[in-house]
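Just so we're clear, the structure is a prediction, and the values are computed from it rather than from any experiment. Below, each value reflects all heavy atoms present in this structure, side chains not excepted, and no hydrogens, waters or symmetry copies.
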Amino acid sequence: IISPATLVRSASSLRLARLRTEGRVRAMRILVVEDERHLSSLIQDGLRCASMQSDAFTQFEDANLALKTSHYDAMILDLALPDGRGEQILRDLRSRDNDTPVLILTAEDSVRSRVDCLNAGADDYLTKPFEMDELVARIRALLRRPGGALGTTLVVGNLAFDTIGRHVTVGHAALNLSRRELAVLE
């Protein structure tokens with residue numbers, strides 16, 4: 001039986017396939033490709049509050065290089081970049097058989113743009129302006145998909161963590177944990 005006192009130690013024993021790096025659980029790593037620096041910074045702050053790490057790039061070439069040299073659990077991609085189109089980053093990514101979940105975040109709200117991006121391999125499409133809570137929820141949903149970085153419920157012994165509802169139980173007893181404790185567990 002796992003007691004609340006051993007809760008934090010239990011997090012290190014979770015089997016989370018893609019979340020393990022050198023035996024330690026790591027935070028979700030998100031690539032943000034957004035040319036508006038202020039908006040990019042706000043997105044990174046929102047992801048950080050949701051216990052996700054992020055790298056941000058404002059240029060097409062920098063983002064493409066990052067995708068070729070680093071692993072990301074998901075990507076937030078703007079379509080209108082100063083030196084290229086986000087769709088091309090998406091097409092290049094998919095042509096390399098890279099299945100990193102991609103959420104398009106753009107001011108382009110036409111049906112044609114949404115259809116083209118989804119057909120090119122985007123996993124989700126959100127238009128600006130947007131609510132940060134919705135963006136984070138959509139990223140978490142992408143990460144929970146089969147083959148994604150998160151499952152819906154993580155279980156170790158009698159400890160269960162519902163990643164959707166953000167609830168933890170030990171046996172049948174609910175635990176009230178802080179946001180930081182939930183992040184450690186996740």
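With rounding to the nearest 0.5 Å, the separation of NZ in Lys128 from CG in Leu135 is 11.0 Å. In this structure, the separation between CD on Glu36 and CD on Glu34 is 5.0 Å, given to the nearest 0.5 Å. Here CG of Leu81 is found 8.0 Å from CZ of Arg85. Values are rounded to the nearest 0.5 Å. The CZ atom of Arg37 sits 14.0 Å away from atom CG of Leu42, with the distance rounded to the nearest 0.5 Å. Annotation: the span from Asp62 atom CG to Leu67 atom CG amounts to 11.0 Å, rounded to 0.5 Å. Between Leu103 atom CG and Asp78 atom CG the span is 11.0 Å, to the nearest 0.5 Å.
The minimum heavy-atom distance between Ala66 and Phe57, with the atom names listed, is CB-CE1, 3.5 Å. When every heavy atom of Ala63 is checked against every heavy atom of Leu31, the shortest pair comes out as O-CD2, 4.3 Å.
Both Met132 and Leu105 are assigned to one and the same hydrophobic cluster, defined by single-linkage of ILVMFWY side chains at heavy-atom distances under 4.5 Å. At a threshold of 4.5 Å between side-chain heavy atoms, the hydrophobic network of Ile, Leu, Val, Met, Phe, Trp and Tyr places Met52 and Phe130 in one connected group.
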Go through it in stages, so that I can follow the logic: the residues are Ile89 and Leu77, the test is side chain to side chain contact (heavy atoms under 4.5 Å, CB included), and I'd like the CA-CA distance, side-chain angles, deciding distance and then a yes or no. CA-CA 9 Å; Ile89 292 174; Leu77 177 63; 4.0 Å; yes
Trace of the side chain to side chain contact (heavy atoms under 4.5 Å, CB included) decision for Ile30 with Met75: CA-CA 5 Å; Ile30 312 300; Met75 175 172 49; 5.9 Å; no
Begin with the C-alpha distance, continue with both residues' side-chain angles, and end with the deciding distance and a verdict on side chain to side chain contact (heavy atoms under 4.5 Å, CB included) for Thr169 and Asn158. CA-CA 8 Å; Thr169 58; Asn158 67 338; over 6 Å; no
Trace of the side chain to side chain contact (heavy atoms under 4.5 Å, CB included) decision for Val33 with Ile76: CA-CA 6 Å; Val33 183; Ile76 298 170; over 6 Å; no
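Every side-chain hydrogen bond (donor to acceptor under 3.5 Å, both in side chains) that Ser54 has, sequence neighbours left out, goes to Gln44. Every residue two or more places apart in sequence or in another chain was checked for a side chain to side chain contact (heavy atoms under 4.5 Å, CB included) with Pro129, and none qualifies. The salt bridge (charged side-chain N to carboxylate O under 4.0 Å, His left out) search around Asp83 returns none, not counting sequence neighbours. Scanning for salt bridge (charged side-chain N to carboxylate O under 4.0 Å, His left out) contacts around Asp55 gives Arg29, with sequence neighbours left out. Taking Ser95 as the reference, nothing meets the side-chain hydrogen bond (donor to acceptor under 3.5 Å, both in side chains) condition, with sequence neighbours excluded. Scored by the side chain to side chain contact (heavy atoms under 4.5 Å, CB included) test, Gln88 finds Phe60, Arg91, Asp92 as partners (sequence neighbours excluded). Checked against salt bridge (charged side-chain N to carboxylate O under 4.0 Å, His left out), Arg96 has no partners two or more places apart in sequence or in another chain. In terms of the salt bridge (charged side-chain N to carboxylate O under 4.0 Å, His left out) criterion, Arg114 has no residue partners (sequence neighbours excluded).
Sparse packing is recorded around CZ of Arg179, with 12 or fewer heavy atoms of other residues, nucleotides or ligands lying under 6.0 Å away. By the neighbour-count criterion of 12 heavy atoms within 6.0 Å, atom CD of Glu134 is densely surrounded, having more than that number from other residues, nucleotides or ligands.
Residues Val32 and Leu47 form a side-chain contact, since some pair of their non-hydrogen atoms from C-beta on lies under 4.5 Å apart.
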For residues 115-126, which side-chain donor-acceptor pairs fall under 3.5 Å, sequence neighbours excluded?
unit_1: Asp116; atom_1: OD1; unit_2: Arg112; atom_2: NH1; d: 2.9
unit_1: Asn119; atom_1: ND2; unit_2: Val115; atom_2: O; d: 3.4
unit_1: Asp123; atom_1: OD2; unit_2: Arg94; atom_2: NH2; d: 2.9
unit_1: Asp123; atom_1: OD2; unit_2: Val102; atom_2: N; d: 2.7
unit_1: Asp124; atom_1: OD1; unit_2: Arg138; atom_2: NH1; d: 2.7
unit_1: Asp124; atom_1: OD2; unit_2: Arg138; atom_2: NH1; d: 2.9
unit_1: Tyr125; atom_1: OH; unit_2: Glu108; atom_2: O; d: 2.6
unit_1: Tyr125; atom_1: OH; unit_2: Ser113; atom_2: OG; d: 2.7

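Evaluation of the salt bridge (charged side-chain N to carboxylate O under 4.0 Å, His left out) test over residues 168-178, restricted to residues two or more places apart or in two chains, returns none.
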